[in-house]
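Take a look at the structure below.
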Amino acid sequence: MKISTSEALKKLGENKSLFLNVFEHGTLQVEVYKPNQVDLQEPHTRDEVYVIISGTGEFLNGDERHTFAPGDFLFVPAGVEHRFENFTEDFATWVLFYGPEGGEKQ
């Protein structure tokens, strides 16, 4: 199975949506996400990973703030407030949700 970044972003644009589910297997769900100027996400019920496709900005993850750039990996435990801020117009990211509701226990 292969899904290219360009293919995922093309499908996202065709659907005129901010995010698009591109793959599911077991508990894994993969989306492509491209917010428009403001990221209005709410905390999610499962653990998630972001892998930045393009753009730069800042990522608020609970009480921590980090800058991000293409290729960066960001992890957010289930239930934690998070959002992308001050991001460039070309910002896009892969989103991977996985594991049980409530997140995995350490």
Which pairs would a plain distance check flag for residues 93-101, meaning a side-chain donor or acceptor within less than 3.5 Å of a matching protein atom at least two apart in sequence or in another chain?
unit_1 : atom_1 : unit_2 : atom_2 : d
T93    : OG1    : V51    : O      : 3.0
E101   : OE1    : T45    : OG1    : 2.5

L20 with V30, same ILVMFWY side-chain cluster at under 4.5 Å: yes
Tell me whether Q37 at atom CD has more than 12 heavy atoms from other residues, nucleotides or ligands lying less than 6.0 Å away. no
Sequence-distant partners of F87, ring-ring contact (aromatic ring centres under 6.0 Å, His included), two or more places apart: F91
Hphob cluster co-occupancy, V49 + I3, side-chain heavy atoms under 4.5 angstrom: yes
CD on E48 to CD on Q41, rounded to 0.5 Å: 6.0 Å
Any donor and acceptor pair, going by atom type alone, linking the side chain of N36 with main-chain N or O of L18 inside 3.5 Å? no
Transitively linked via ILVMFWY side-chain contacts under 4.5 Å: Y33 with F75? no
Has the side chain of D47 got a donor or acceptor atom that lies under 3.5 Å from a matching backbone atom of A78? yes
Taken to the nearest 0.5 Å, the spacing of L28 CG from R46 CZ works out to 8.0 Å
For L9 and A92, work out which heavy atoms get closest and say how close. CD2-CB, 3.9 Å
Can you give me the closest heavy-atom contact between F59 and H82, atom names plus distance? CZ-CB, 3.9 Å
Can you tell me if D63 has over 12 outside heavy atoms packed within less than 6.0 Å of its CG? no
When hydrophobic residues are tied together by side-chain contacts of less than 4.5 Å, even through go-betweens, does V32 share a cluster with F73? yes
Just how far is it from atom CD1 of I53 to atom CG of D90, taken to the nearest 0.5 Å? 11.0 Å
Any side-chain heavy atom of V76 within less than 4.5 Å of one from H44? no
Just how far is it from atom CG of N61 to atom CZ of F84, taken to the nearest 0.5 Å? 9.0 Å
Do you know the tightest heavy-atom contact between G55 and P70? O-CD, 3.2 Å
Salt bridge (charged side-chain N to carboxylate O under 4.0 Å, His left out): pairs with one or both residues in residues 77-86, sequence neighbours excluded: R65-E85, E81-R83, R83-E85
How long is the span from the CZ atom in F68 to the OH atom in Y50, to the nearest 0.5 Å? 10.5 Å
Is it the case that the side chain of K34 and the backbone of S17 share a donor-acceptor pair, with hydrogens and angles ignored and the cut-off at 3.5 Å? no
Would you say L74 ends up clustered with L40 if hydrophobic residues are merged whenever their side chains have heavy atoms under 4.5 Å apart, either directly or through other cluster members? no
Hey, could you give me the CG/OG1 distance between L12 and T5, rounded to the nearest 0.5 Å? 12.0 Å
